[in-house]
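Notes for the one structure printed next.
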Amino acid sequence: QVQLVESGGGLVQAGGSLRLSCAASGRTLSNAAMGWFRQAPGKEREFVAGINWNGGDTYYRDSVKGRFTISRDNAKNMVYLQMNSLKPEDTAVYYCAVSWGSTVVTASLNYRYWGQGTQVTVSS
């Protein structure tokens with residue numbers, strides 16, 4: 001069993017930055033792709049960013065390209081999401097997740113473990 005714990009969320013003004021962290025425990029995740037998703041009130045959960053097993057490949061939804069950066073540290077079993085130039089529309093609960101495979105995928109059904117989420121609120 002894998003436990004994922006997100007941290008780093010909070011309230012920030014538009015244009016500001018936050019760095020989300022996801023700590024994994026229970027087993028090593030060095031062979032699995034990881035992803036960040038978000039869910040705003042009244043909306044479906046959506047893919048934000050993904051990274052393959054060794055960090056050599058990343059993928060982002062169009063609305064965050066150039067502003068968000070996903071990274072991982074397999075030695076520490078950690079995944080990060082650096083979020084810059086935040087906008088009010090980025091407000092959501094952010095979740096990290098572990099994929100069934102080693103390559104980046106965007107559909108939530110391809111992820112088998114999920115954290116509890118961390119709230120990100122961007123004020124205008």
Side-chain angles (χ1 to χ4, degrees):
Q1 190 68 15
V2 172
Q3 293 80 42
L4 302 174
V5 178
E6 301 96 337
S7 61
L11 173 64
V12 64
Q13 288 188 332
S17 298
L18 285 173
R19 188 193 192 205
L20 304 184
S21 298
C22 175
S25 62
R27 56 168 288 181
T28 179
L29 300 177
S30 59
N31 294 325
M34 301 286 293
W36 285 95
F37 289 75
R38 67 187 181 188
Q39 187 168 19
K43 296 187 177 181
E44 293 187 354
R45 187 173 299 186
E46 63 183 17
F47 173 84
V48 176
I51 189 167
N52 76 330
W53 69 280
N54 67 355
D57 185 35
T58 58
Y59 189 78
Y60 301 89
R61 69 179 301 105
D62 286 346
S63 62
V64 308
K65 284 180 181 177
R67 299 189 298 123
F68 291 11
T69 303
I70 188 171
S71 61
R72 65 189 298 164
D73 185 337
N74 285 345
K76 297 181 179 179
N77 251 11
M78 295 288 293
V79 178
Y80 307 97
L81 186 66
Q82 178 66 44
M83 305 186 296
N84 298 328
S85 302
L86 283 161
K87 304 176 181 180
E89 51 263 43
D90 294 318
T91 294
V93 177
Y94 283 71
Y95 301 87
C96 71
V98 181
S99 173
W100 286 97
S102 60
T103 57
V104 179
V105 289
T106 61
S108 60
L109 60 86
N110 291 310
Y111 289 80
R112 56 176 168 166
Y113 298 116
W114 294 82
Q116 293 300 306
T118 185
Q119 176 71 47
V120 171
T121 303
V122 184
S123 63
S124 57

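Distance check, rounded to the nearest 0.5 Å: SG of C22 to CZ of R72 gives 10.0 Å. Note: R67 CZ to S85 OG = 7.0 Å, rounded to the nearest 0.5 Å. If you take NZ on K87 and OG on S124, they are separated by 14.0 Å, rounding to the nearest 0.5 Å.
In this structure the side chain of D90 reaches within 4.5 angstrom of the side chain of F68, judged on heavy atoms. The side-chain heavy atoms of S21 and M78, taken from C-beta on, include a pair separated by under 4.5 Å. E46 has its side chain out of reach of Q39: every pair of non-hydrogen atoms, C-beta onward, lies at least 4.5 Å apart. Residues L4 and L29 meet the side-chain proximity criterion, which asks for heavy atoms closer than 4.5 Å. Looking at W53 and M34, their side chains never come closer than 4.5 Å, going by heavy atoms from C-beta outward. A heavy-atom distance below 4.5 Å is not found between the side chains of R38 and V93. Side-chain contact check for L20 versus M83: some heavy-atom pair is nearer than 4.5 Å. The shortest side-chain heavy-atom distance between L81 and V48 falls under the 4.5 Å cut-off.
A cation-pi contact, defined as under 6.0 Å to the ring centre and within 45° of the axis, links R45 to Y95. The cationic group of R19 lies under 6.0 Å from the six-membered ring centre of Y80 and within 45° of the ring axis, placing it in a cation-pi geometry.
Closest heavy-atom contact between A14 and P88: CB-CD, 4.1 Å. Considering all non-hydrogen atoms of both residues, W114 and S108 come closest at CZ2-O, 3.6 Å. Taking all atoms of both residues into account, the shortest heavy-atom contact from L18 to L86 is N-CD1, 3.8 Å. For the pair Y60 and T69, the tightest heavy-atom approach, listed with the atom from each and the gap, is OH-CA, 3.3 Å. Residue G9 comes nearest to V120 through the heavy atom pair CA-CG2, 4.1 Å, listed as atom of the first residue, atom of the second, then distance. Shown here for T103 and A33, the closest heavy-atom pair between the two residues is O-CB, 3.3 Å.
Aromatic pair W36/F47: ring centres not closer than 6.0 Å.
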What do the steps show when you test S17 against N84 for side chain to side chain donor-acceptor pair (under 3.5 Å), and what is the final call? CA-CA 4 Å; S17 298; N84 298 328; 2.9 Å; yes

One pair to check against side chain to side chain donor-acceptor pair (under 3.5 Å): Q119 and T121. What are the steps and the verdict? CA-CA 6 Å; Q119 176 71 47; T121 303; 3.3 Å; yes

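By the 4.0 Å N-to-carboxylate-O rule, K65 lies close enough to D62 to be salt-bridged with it.
Two different hydrophobic clusters hold V98 and F37 under the rule that ILVMFWY side chains link at heavy-atom gaps under 4.5 Å.
At distances below 3.5 Å, at least one donor-acceptor pair connects side-chain atoms of Y111 with backbone N or O atoms of V105. At distances below 3.5 Å, at least one donor-acceptor pair connects side-chain atoms of E6 with backbone N or O atoms of G117. Judged by distance alone, with hydrogens and angles left aside, the side-chain atoms of D57 form no donor-acceptor pair with the main-chain N or O of I51 at under 3.5 Å. Within the 3.5 Å criterion, the main-chain N or O of N31 finds no donor-acceptor partner in the side chain of N74.
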